[in-house]
Amino acid sequence: ELNPFTKISKEWMLVAAGNQEKTNAMTASWGGLGVLWGKNAAFIFVRENRYTKEFIDKEAYFSCNFFDKKFLNDLKYFGIVSGRQEDKFKTSGLTVSWRDKIPYVDEGNFIILCQKMAAVPLTEDHFLDPEIKKQWYSGKDDGNLHTLYVGEIVEVLAR
């Protein structure tokens, strides 16, 4: 069983992308699951300045990785530290595994493997409610909006 409202927003996930040479992951708490264009889909949102975005943009696949509560400190770490400065997998001790060309975090207990179907950069023009910009895009992240990625769910791994 997976309650996406709890799993994504309260317990968080790691979004991983990359290739055999280099993979990165980041903590995310915005996203969703549903059906789009006749396919089961996962939706994630990544800010423009996130290092993991470079990997998602370059590669055709990404994974959404969920964990037991005992990994909360790892999730915090992956959300604070940038992969530009250090290898977060090496430092954390978490393991990158592969299913075909899709990297995922082996310690996860529920993993959604996705193939990108769309990437939609959000602009201020997309916000119909003026409170969105005020609440989510002011201060240090002003102007640093998100890209919405839609991935077809190609496989789910669960323990």
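Counting from 1, the numbers follow the sequence of the chain as shown.
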J.: Checking the side chain of Asn65 only, and the main-chain atoms of Met13 only, is there a donor and an acceptor separated by less than 3.5 Å?
T.: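 Looks like no, no N/O pair under 3.5 Å.
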J.: Going through the distances and angles, do Phe89 and Phe78 end up as a ring-ring contact (aromatic ring centres under 6.0 Å, His included)?
T.: CA-CA 9 Å; Phe89 286 104; Phe78 272 78; 5.3 Å; yes
J.: Identify the two heavy atoms, one from Ala16 and one from Pro103, that lie closest to each other, and give their separation to 0.1 Å.
T.: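 Residues Ala16 and Pro103, closest heavy atoms: CB-O, 4.1 Å.
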J.: Start with the C-alpha gap between Phe67 and Leu14, add the side-chain angles, then the distance that decides, and say whether side-chain contact (heavy atoms from CB on, under 4.5 Å) holds.
T.: CA-CA 9 Å; Phe67 300 84; Leu14 287 184; 3.7 Å; yes
J.: Verify, without hydrogens or angle tests, whether Glu107 (side chain) and Thr95 (backbone) share a donor-acceptor contact under 3.5 angstrom.
T.: yes
J.: Can you confirm whether Phe45 sits close enough to Leu122 that some side-chain heavy atom of one is under 4.5 Å from a side-chain heavy atom of the other?
T.: yes
J.: Side-chain heavy atoms under 4.5 angstrom apart, residues restricted to Ile, Leu, Val, Met, Phe, Trp, Tyr: same cluster for Val96 and Val15?
T.: no
J.: Between Arg47 and Asn144 (side chain of the first, backbone of the second, donor and acceptor by atom type, cut-off under 3.5 Å), is there such a pair?
T.: yes
J.: I'd like to know whether Leu94 forms a side-chain contact (heavy atoms from CB on, under 4.5 Å) with Phe71, so could you lay out the CA-CA distance, the side-chain angles of the two residues, the decisive distance to 0.1 Å, and finally the verdict.
T.: CA-CA 10 Å; Leu94 296 182; Phe71 290 97; 3.9 Å; yes
J.: Is there a donor-acceptor contact under 3.5 Å linking the side chains of Thr147 and Glu48?
T.: yes
J.: What's the spacing between Tyr104 OH and Leu113 CG if we round to 0.5 Å?
T.: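 Here the interatomic distance stands at 7.5 Å.
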J.: Below 4.5 Å, heavy atoms only, C-beta onward: do Arg84 and Arg50 meet side chain to side chain?
T.: no
J.: Where does the angle between the aromatic ring planes of Phe127 and Tyr137 fall among parallel (under 30°), tilted (30 to 60°) and perpendicular (over 60°)?
T.: parallel
J.: Run the numbers on Leu145 and Trp136 for side-chain contact (heavy atoms from CB on, under 4.5 Å), then give the verdict.
T.: CA-CA 9 Å; Leu145 303 181; Trp136 299 104; over 6 Å; no
J.: What distance do Ile132 atom CD1 and Leu128 atom CG have between them, rounded to the nearest 0.5 Å?
T.: 7.0 Å
J.: Quick one: are Val156 and Phe110 in side-chain contact, heavy atoms under 4.5 Å?
T.: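 Yes; the side chains approach each other to less than 4.5 Å.
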J.: Supply the atom-to-atom distance Phe43 CZ to Leu148 CG, rounded to the nearest 0.5 angstrom.
T.: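 These two atoms lie 7.5 Å from each other.
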J.: Could you state the interatomic distance from OG1 (Thr23) to CD (Gln20), rounded to the nearest 0.5 Å?
T.: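 Those atoms lie 7.0 Å apart.
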J.: Is there a chain of hydrophobic side chains (I, L, V, M, F, W, Y, each step under 4.5 Å between heavy atoms) that links Ile111 to Ile8?
T.: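 No, no single cluster joins them.
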J.: For the pair Tyr51 and Phe55, name the ring-plane relationship: parallel under 30°, tilted 30 to 60°, perpendicular over 60°.
T.: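 Judged by the thresholds at 30° and 60°, the geometry between Tyr51 and Phe55 is perpendicular.
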J.: Counting heavy atoms not belonging to Asn3, are there more than 12 under 6.0 Å from its CG?
T.: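 It does: Asn3 CG has more than 12 such atoms within range.
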J.: Does any part of the side chain of Ile56, heavy atoms only, come nearer than 4.5 Å to the side chain of Val46, both counted from C-beta?
T.: yes
J.: Strictly distance-based, threshold 3.5 Å: is any side-chain N or O of Lys88 a donor or acceptor partner for the main-chain N or O of Met26?
T.: no
J.: Determine the minimum heavy-atom distance between Cys114 and Ala42, stating which atoms define it.
T.: SG-CB, 3.7 Å
J.: Would you say Ile102 and Phe62 are hydrophobically clustered, going by side-chain heavy atoms of ILVMFWY under 4.5 Å?
T.: no
J.: Which donor-acceptor pairs under 3.5 Å do side chains of residues 27-34 form with protein atoms, sequence neighbours excluded?
T.:
| from | atom 1 | to | atom 2 | distance (Å) |
| --- | --- | --- | --- | --- |
| Thr27 | OG1 | Leu75 | O | 2.4 |
| Thr27 | OG1 | Gly79 | N | 3.1 |

J.: Does atom NZ (Lys22) have a neighbourhood of more than 12 heavy atoms from anything else shown, all under 6.0 Å?
T.: yes
J.: When you check the side-chain N and O atoms of Glu59 and Asn19, is any donor under 3.5 Å from an acceptor?
T.: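 Glu59 vs Asn19: donor-acceptor pair found between side chains.
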J.: Quiz question: by atom type and distance under 3.5 Å, do the side chains of Asn24 and Thr52 form a donor-acceptor pair?
T.: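 Thr52 and Asn24 do have a side-chain donor-acceptor pair below 3.5 Å.
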J.: Let me know which of Glu152, Lys116, Lys101 forms a side chain to side chain contact (heavy atoms under 4.5 Å, CB included) with Tyr61.
T.: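 Testing Tyr61 for a side chain to side chain contact (heavy atoms under 4.5 Å, CB included) against Glu152, Lys116, Lys101 leaves exactly one candidate, Lys101.
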J.: SG/Cys64 to CD1/Ile153 distance, rounded to the nearest 0.5 angstrom?
T.: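 Between Cys64 SG and Ile153 CD1, I get 8.0 Å after rounding to 0.5 Å.
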J.: Hey, what do you get for CH2 (Trp12) to CG (Leu72), rounding to the nearest 0.5 Å?
T.: 5.5 Å
J.: Between Leu36 and Val120, is there a shared hydrophobic cluster once you connect ILVMFWY residues whose side-chain heavy atoms come closer than 4.5 Å?
T.: yes
J.: Can Asp106 and Arg159 be counted as an ion pair, charged N to O under 4.0 angstrom?
T.: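 Here Asp106 pairs with Arg159 in a salt bridge, since their nearest N and O are under 4.0 Å apart.
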